[in-house]
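Everything on this sheet refers to the single structure shown next.
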Amino acid sequence: MSLYDNQVISSDLDAFKNSGVVLTGSIIINDVIVAAGQLTSEISFNIPDGCDLAQIMYDNSYYHPSKFRDITKNIYTSLRDSTSPGGDGSCYLYTKVQSNKLIVGVWVNNPYSSALTVGPTTYNFILIPYETTF
Amino acid sequence: MDGFVTISANAAPDSDSTFPYDMNAPTLSGSLTINHNLGYVPLVRASWDPGKNDIWYNCFYNYVVDPRLKIIATSTYVKLMVGTDGAAKTNIPVFYRIYDTGNVAVTSDSAIDKIFLKGNTSGSVPLSGNSFTESELILTIPHSGGLPVPGFSLEFSEDQTNWYQEGMQIQGPWDTTTGPPGGPYSRFFFTACFGRIDANNLYIHLRNNYATAKTVYARYAVDYKI
């Protein structure tokens, strides 16, 4: 263990200009995607100017509710297909930082030549933006 | 709380490491659960040294390294999971840090995760022969942070406006040669990035599968683990 074990954080990464606010949000996928189509759903957060990085975790309401996974280690996650039990698909998660805005998104592709019903699945996100001051 | 631990991936995966709970479910895995009992889901940083040679990774990208690390955080515990698709892997080094997200005043002298280097860089990623093949450019950033190997944060961009975390893909258009006219298509073009770090350098891997060379930008921060 390190010298800093069990101490409340005193980290360069804890440079929150708004006093350590943890952001939360959700994206619900429950749609019909046209043949060979794509679906993108995004949520946007206002973050302090100068924040250039973020730690983001998410859970999956159907497969791992309340068990949050690090988005950089799990950019693909399962997506319920309630019309075809056993035929659940997947979606891709992404994040974008734009100046004072942090966007989290879900992208779903329909690779088939017919419409695809996807969901319902809710993805809950926990976001901690920080700036790399030093 | 934090620590350097070792985890062996040498047993049948438990439910958290099986498909479809883990989209990259391994063949063999091992795990370590740390009870934090904070009552909320904390910030967690975790990295691992898959080769046991003091080269550390933060993110999982497209099976380029094995074994791989996944984490789960709940309101009471953090679970570190190491998985492999090959032969059993023993004693894989993992570093984790669990943060109490309190409101703490910071001075650089007293800070952990002390950032000692940050910057921006870019490079031209060579063209790829086809969309099924990724071309790569590796940028080397000297840091001389020594041992224990520092941590890092890394983002990348195609336009210096939208910044994506390492491990992700910036998705481009479909490769229309991979399906009938109008689709569906099986491949899309993308740009990707991941990093690794040792005692002396941060290595930024920029990748894409476009038919033309592409300039990709990266920004990074390197911090001491302890």
Side-chain angles (χ1 to χ4, degrees), chain A residues 1-16 19-22 35-38 52-57 59-60 63-64 66-78 88 90 92-99 103 107 109-113 126 128 130 132-134, chain B residues 1-4 16 20-24 40-41 43-46 58-60 68-75 79 99-104 106 108 110-116 118 153 155 161-171 179-180 182-186 188 219 221 223 225-226:
Chain A
M1 299 301 230
S2 83
L3 176 65
Y4 301 96
D5 189 33
N6 291 326
Q7 291 193 15
V8 175
I9 183 174
S10 176
S11 164
D12 264 347
L13 299 185
D14 190 21
F16 310 144
S19 302
V21 170
V22 176
Q38 303 174 47
D52 48 12
L53 293 165
Q55 183 94 20
I56 300 164
M57 307 190 79
D59 77 349
N60 180 313
Y63 283 103
H64 53 91
S66 300
K67 292 183 177 181
F68 287 80
R69 293 179 181 257
D70 181 340
I71 202 170
T72 64
K73 296 178 174 66
N74 301 271
I75 64 169
Y76 289 99
T77 185
S78 299
D88 292 347
S90 63
Y92 163 71
L93 307 173
Y94 62 91
T95 70
K96 292 188 292 187
V97 175
Q98 296 175 344
S99 182
I103 296 168
W107 178 85
N109 167 46
N110 178 8
Y112 305 109
S113 55
I126 295 176
I128 303 174
Y130 55 86
T132 52
T133 56
F134 68 116
Chain B
M1 60 179 68
D2 60 13
F4 284 97
D16 288 326
Y21 304 94
D22 181 349
M23 296 299 287
N24 315 109
Y40 57 84
V41 179
L43 167 65
V44 180
R45 292 180 86 197
N58 287 339
C59 74
F60 169 79
R68 52 191 175 270
L69 175 71
K70 301 291 183 81
I71 64 172
I72 285 175
T74 75
S75 60
K79 185 176 182 181
Y99 296 79
D100 178 358
T101 51
N103 176 20
V104 180
V106 174
S108 293
S110 63
I112 56 173
D113 298 325
K114 185 169 176 61
I115 296 168
F116 63 93
K118 66 181 289 189
S153 303
E155 288 183 330
T161 297
N162 298 289
W163 292 91
Y164 296 77
Q165 288 191 304
E166 61 158 341
M168 298 184 177
Q169 296 175 334
I170 303 175
Q171 294 179 339
Y185 306 114
S186 61
F188 57 87
R219 61 187 185 186
D223 59 273
K225 280 193 175 73
I226 60 174

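Numbers restart at 1 for each chain; the letters A, B, ... are given by sequence-line order, proteins then strands. Below, all heavy atoms of this structure are taken into account, side chains as well, without hydrogens, waters or symmetry copies.
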message = Out of A:Phe68, A:Tyr76, A:Tyr94, return the one with the most heavy atom pairs under 4.5 angstrom to chain B.
response = A:Phe68

inquiry  = Go through it in stages, so that I can follow the logic: the residues are B:Lys70 and B:Asp22, the test is salt bridge (charged side-chain N to carboxylate O under 4.0 Å, His left out), and I'd like the CA-CA distance, side-chain angles, deciding distance and then a yes or no.
reply    = CA-CA 9 Å; B:Lys70 301 291 183 81; B:Asp22 181 349; 2.8 Å; yes

message = Between B:Gln169 and chain A, with a heavy-atom cut-off of 4.5 Å, which part of the residue counts as in contact: side chain, backbone, both or neither?
response = both

ask   = Is it the case that A:Gln38 and A:Trp107 place a side-chain donor and acceptor less than 3.5 Å from each other?
value = yes

ask   = Between B:Ile72, B:Thr161, B:Thr74, which shows the greatest number of heavy-atom pairs under 4.5 Å with chain A?
value = B:Ile72

Test side-chain hydrogen bond (donor to acceptor under 3.5 Å, both in side chains) applied to A:Asp70 - qualifying residues, sequence neighbours left out = A:Thr72, A:Lys73

Short side-chain donor-acceptor distance under 3.5 Å, A:Asn60 and A:Thr77 = yes

key: Residue among A:Ile75, A:Thr95, A:Ile103, A:Asn109 with most heavy-atom pairs under 4.5 Å to chain B   = A:Thr95

